[in-house]
2 protein chains.
Amino acid sequence: MPHIISRNHQNAWRSLLIAQSWAIRQIEFQLRKANEISFDVYEVLQTLEDSEGGKLRMSDLADRILFSRSGLTRMIDRLEELGYVVREPSPDDRRGWYAVVTPKGKEVRHRACDIVQTTLQAIWEKSLSDEEAVALVPVMESVTKLARDYEPIRG
Amino acid sequence: MPHIISRNHQNAWRSLLIAQSWAIRQIEFQLRKANEISFDVYEVLQTLEDSEGGKLRMSDLADRILFSRSGLTRMIDRLEELGYVVREPSPDDRRGWYAVVTPKGKEVRHRACDIVQTTLQAIWEKSLSDEEAVALVPVMESVTKLARDYEPIRG
DNA sequence: ACGAGACAGTTGCATTTGGAAGGAGTACGC
DNA sequence: GCGTACTCCTTCCAAATGCAACTGTCTCGT
């Protein structure tokens, strides 16, 4: 096991890097063009909607979408002002707060969802057969899993 | 072909998103800890080093690493100030400039390389067999290829 | 040879970011 | 119970970001 990672891994990594950040740009471009929420906001709202009761502790949310703590605080500030989210104190830990999606938040997420899906579909299904997608999931999940267990980076 | 992308594609996408941005964070954390250049800078210098003569037109560089035009201008400003890069006018197009890596730029890139590789190795090879990496390359490259052909997004 | 339009790169501005420091609350050993 | 160490979230600051507007240059049709 040499100290240098294999050419294959390197190539995979670089392609991944480019492919994905391009895809994100593409999605953001389409969302802006359609005057919808940004991709970051979309991720926040979707993560909340996916959770029990549409709510999540601030830190949990930050960890899930890999936002810095301070970044999330301000993001939630903005979303609260827009009425997409409310803060709710945690009953059993007075330090803690939940972010909770509002109906309005769900609505804007839902509207944006169409665009995100369409764009993703255009990119993804042009590049990736269904079998390939299936093959990709466990690979990426093992990295994601690593992420959950690893020493956390706080902000 | 339904308007909704398949569950598999969606899962692959989400895992990818998390896995990768986590990996990048990890690398940035290690680089900062070791007092080396940031990951963005690393990408710029590496891309230049990989190119003919260690130089690239500003726009080409921006397209390659998916930076906005204005972002790249300022990035190169900083790197020039640090002595990692110089600007060189294009001989055949008076609008154009090359960014050129200096020896000093190569040196700091090389120093950072160790950390990037080690970190990547720790993440990547733990999650991905060599065969899987091989399988991943063409998939991601087809997305990257899409990116090159597609209507560009300028900044 | 001229003008409309595309393109390269930069700059201005408002917004957003990340990290470190801070205030308040909790956990736990003793 | 009390002190220390840790955690949750926010605030502060300097730095970075994106978009849109701008200057100068090239291209191409006529």
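Only a predicted model underlies this, so the values are computations on that prediction, with no experimental measurement involved. Residue numbers begin at 1 in each chain, while the letters A, B, ... track the order of the sequences.
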List in numerical order all residues of residues 87-102 of chain B for which some heavy atom is under 4.0 Å away from an atom belonging to DNA chain C. R87(B), R95(B), G96(B), W97(B)
Between E80(A) (side chain) and R87(A) (backbone), is there a donor-acceptor pair under 3.5 Å? yes
Which one, dG9(C), dG18(D), dG18(C), comes nearest to the side chain of R25(A)? dG18(D)
Would you kindly give the CZ-to-P distance between F39(A) and dT17(D), to the nearest whole Å? 19 Å
How close or far is atom C1' of dG9(C) from atom CG of L61(B), stated in whole angstroms? 13 Å
Give a yes or no answer on whether the side chain of T102(B) reaches the backbone of Y84(B) with a donor-acceptor pair at less than 3.5 Å. yes
Dump the intermediate steps for salt bridge (Lys or Arg N to Asp or Glu O under 4.0 Å) on E43(A) and R14(B), then the final yes or no. CA-CA 10 Å; E43(A) 286 285 297; R14(B) 284 190 83 70; 3.5 Å; yes
Tabulate atom names and distances for all N/O pairs under 3.5 angstrom spanning the protein and nucleotides 12-15 of chain C.
residue : atom : partner : partner atom : Å
dG12(C) : O6   : R74(B)  : NH1          : 3.1

Contact class for D40(A) (heavy atom, under 4.0 Å): base, sugar-phosphate, or nothing? sugar-phosphate
Nearest whole Å is fine: how far is dA15(D) C1' from E81(B) CD? 13 Å
First of M58(A) and M75(B) reached from the 5' end of DNA chain D, by closest nucleotide: M58(A)
Report the distance from atom CZ of R32(A) to atom P of dG18(D), rounded to the nearest whole Å. 10 Å
Check: L66(A) main-chain N/O paired with R25(B) side-chain donor or acceptor under 3.5 Å: yes
Length of the line joining D77(A):CG and dT11(D):C1', which is rounded to integer Å: 10 Å
Are any of R57(A)'s side-chain N or O atoms less than 4.0 Å away from OP1 or OP2 of dC9(D)? yes
I need the NZ-C1' distance between K33(A) and dC19(D), as an integer number of Å. 16 Å
Rounded distance in Å - CG (L56(B)) to P (dG9(C)): 10 Å
Using 0.5 Å steps for rounding, measure from the CG atom of D40(B) to the CZ atom of R78(B). 8.5 Å
Mind calculating the distance between CD1 (I76(A)) and P (dT10(D)) to the nearest angstrom? 9 Å
